[in-house]
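Computed over heavy atoms, backbone and side chain alike; hydrogens, waters and symmetry mates excluded. Chain A is the first sequence line, chain B the second, and so forth, proteins listed ahead of strands; every chain is numbered from 1. Since the structure is predicted, the reported quantities are computational estimates derived from the model, not experimental observations.
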Amino acid sequence: MLDPKLIRTELDVVAKKLANRGFTLDVEKLATLEEQRKELQVRTQDLQRLRNNSAKAIGKAKASGEDTAPLLAAVADMGDKLNAGEAELREVQQELDSILMGIPNLPHDSVPIGIDENDNQEIRRWGEPQDFAFEPRDHVELGEKLTGMDFETAAKIAGSRFSMLSGSLARMQRALIQFMLDTHINEHGYTETYVPYLVNADSLRGTGQLPKFAEDLFQMGDDGYYLIPTAEVPLTNIVRDVIIDDSDMPRKFTAHTPCFRSEAGAYGKDTRGLIRQHQFEKVELVQIVRPEDSYDVLETLTGHAEKILQALNLPYRVMSLCSGDMGFSSAKTYDLEVWLPAQNTYREISSCSNFEDFQARRMLARYRSANGGKPMLVHTVNGSGLAVGRALVAVMENYQNADGSITVPEVLQAYMGGIEIISAE
RNA sequence: GGAGAGGUGCCAGAGUUGGCCGAAUGGGCUUGAUUCGAAAUCAAGUGAACUCUCACGAGUUCCGAGGGUUCGAAUCCCUCCCUCUCCGCCA
């Protein structure tokens with residue numbers, strides 16, 4: 001959520017920045033509602049004050065044994081008036097809130113302005129895509145040859161966009177998870193965290209998935225639970241409604257969780273293989289930081305995700321997403337794109353964002369600075385470190401051999417009982 | 001799932017014949033006094049959100065959440081959530 005004060009005082013500037021990400025702000029409606037809100041709120045609070053004073057006077061009169069009848073008569077119709085006023089205010093406030101909750105974050109000044117992914121800006125590249133002496137196969141073909149990847153059985157058990165891994169490939173996925181977690185815990189200072197995979201609506205509102213993107217989520221029956229689309233939701237909501245002591249800042253969480261996405265509106269997109277699934281594994285990085293640190297942290301956190309790719313020796317590039325391609329809650333996002341030889345292109349494998357105080361304001365996540373004073377909103381920064389399914393795809397495709405076997409990256413061998421090569425079983 | 005108890009400020013813990021309760025008391029914390037310094041002691045201060053105001057300041061809301069009764073609710077009524085104890089079941 002944006003700062004309501006900012007919207008009040010600099011509506012035109014806000015509208016202009018939002019236009020850069022393709023969002024049209026109904027300036028006139030907002031201004032009208034805000035005017036109504038102000039008038040109604042002042043009037044209602046005034047009535048409440050009157051009521052409070054009258055009630056006190058009646059209490060005193062009664063205590064001293066005076067006749068309260070005239071006082072009671074004077075406030076006879078106040079209740080109705082107040083109720084009507086409160087109802088009217090609530091209505092306007094709710095409409096205002098629902099508009100506010102649907103406004104995306106403002107892009108940071110360093111974000112390239114653009115319409116879609118074609119306007120994203122490449123920041124740097126790491127590693128050299130290798131020249132294969134043969135025609136590289138894609139991961140689906142490799143998986144078939146190795147017999148460890150089964151989409152048909154998954155479709156039977158669940159449906160389309162699900163997958164099943166078995167044998168060495170399943171083990172390699174687990175190795176990737178362990179390797180990522182260990183790296184972030186031991187080398188990057190994150191706290192390993194185990195979180196619920198079902199969350200309530202408040203948590204999803206806090207991070208920005210609700211109210212606008214309900215169709216992307218899997219909702220459980222009518223008990224109010226949703227499957228998490230990312231560990232960002234439970235991890236970030238750890239600090240919802242919390243005032244963090246300065247000495248406990250920053251907070252750094254990492255977790256491995258499955259992620260569930262309905263992928264509504266993605267029909268026909270990336271239907272082949274593991275790239276876009278209803279269920280996938282991800283290791284997530286979340287940092288709760290002081291406002292002045294958040295942009296430095298975005299760089300280091302992105303570096304933490306890059307570290308994994310480097311250790312796996314997978315070529316990648318870092319893209320700064322343009323204003324039009326960024327997610328709803330983000331002020332600035334770097335995507336890491338890994339090289340996939342079969343597709344002869346780079347594909348997203350991690351997304352690292354600074355949300356500034358956008359999520360913090362929705363969650364009322366604050367900290368008290370060392371020199372006291374009012375609690376201040378924290379900044380939240382998070383990123384995938386990394387998407388595990390896609391990492392598995394990248395390893396398979398980049399480490400494939402002419403005979404369809406796959407060399408196990410050195411850093412994963414210890415996690416796989418010393419296996420150096422995966423071949424058909 | 002069954003039975004019972006309970007959810008109050010940073011913590012502990014009063015307040016349940018509705019009014020003087022944003023809330024006693026103790027602890028903690030901050031500042032000051034005392035001290036060479038510290039401990040102890042004494043004094044004062046110490047919740048959050050929001051609104052109006054250039055500002056000083058004023059006001060509203062919040063005692064798990066949401067409704068209701070009332071001129072007035074932490075206190076009464078209803079619904080829901082959560083915690084604890086015992087029993088059952090279960091990995």
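Considering only side-chain N and O atoms, A:N52 lies nowhere under 4.0 angstrom from the phosphate OP1 or OP2 of B:G72. Side-chain nitrogen and oxygen atoms of A:K62 include none within less than 4.0 Å of the OP1 or OP2 phosphate oxygen of B:G72. Within the structure, a side-chain polar atom (N or O) of A:R366 is placed less than 4.0 Å from OP1 or OP2 of B:A49. Listed pair A:R90 / B:G66 fails the phosphate criterion, with no side-chain N or O lying under 4.0 Å from OP1 or OP2.
In this structure, of B:G59, B:G19, B:C52, it is B:C52 that holds the atom nearest to the side chain of A:K38. Listed nucleotides B:C71, B:U51, B:A49 differ in distance to A:R51; the shortest reach to its side chain belongs to B:C71. Picking from B:C71, B:C52, B:A48 the nucleotide with the shortest atom distance to the side chain of A:R8 gives B:C52. Here the side chain of A:Q45 is nearest to one of B:U51, B:C71, B:A48, namely B:U51. Among the nucleotides B:U51, B:G19, B:A48, the one closest to any side-chain atom of A:I58 is B:G19.
Aromatic ring orientation, A:H278 versus A:F218: perpendicular (interplanar angle above 60°, classes split at 30° and 60°).
Here A:E35 does not pair with A:K38 in a salt bridge; the nearest charged N to carboxylate O distance is not below 4.0 Å. Classification of A:D138 and A:R272 as a salt-bridged pair holds, one side-chain N sitting under 4.0 Å from a carboxylate O. A salt bridge is defined here as a Lys NZ or Arg NE, NH1 or NH2 lying under 4.0 Å from an Asp or Glu carboxylate O, and A:R347 with A:D270 meets this definition. Salt bridge present: A:R290 and A:D246 bring a charged side-chain N and a carboxylate O closer than 4.0 Å.
Using a 4.0 Å heavy-atom distance criterion, A:R37 is classed as a sugar-phosphate-only contact. No engagement by A:R43 is indicated, since no non-hydrogen atom pair under 4.0 Å with the nucleic acid exists.
Contact between A:M1 and A:R362 at its shortest, heavy atoms only, is N-NE, 3.2 Å.
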Which nucleotides of nucleotides 76-83 of chain B have their base under 4.0 Å from a protein heavy atom (B), which only their sugar-phosphate (S), and which neither (-), written as one string 5' to 3'? --------
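As rounded to the nearest Å, B:A73 and B:U8 have C1' atoms that lie 14 Å from one another.
Using modelled atom types, one side-chain atom of A:Q277 and one backbone atom of A:S163 make a donor-acceptor pair closer than 3.5 Å.
Atoms CD1 (A:I243) and P (B:U46) sit 17 Å apart, rounded to a whole Å. Distance A:M78 CE to B:U70 P: 16 Å, rounded to the nearest Å. Rounded to whole angstrom, the span from the CZ atom of A:R49 across to the P atom of B:G72 amounts to 17 Å.
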Taking Watson-Crick and G-U wobble contacts under 3.5 angstrom, with | marking pairs to another strand and [ ] crossing pairs, the secondary structure of RNA chain B is written ((((((((.[[[..)...(.....]]]((((((.......))))))((((((....)))))).[[[[[..)....]]]]])))))))....
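For the pair A:L50 and A:V42, nearest-nucleotide mapping onto RNA chain B gives the more 5' position to A:V42.
Counted within 6.0 Å of CZ on A:R251, heavy atoms from surrounding residues, nucleotides or ligands total 12 or fewer; the atom is thus considered open. Other residues, nucleotides and ligands contribute over 12 non-hydrogen atoms within 6.0 Å of the CD atom of A:E187.
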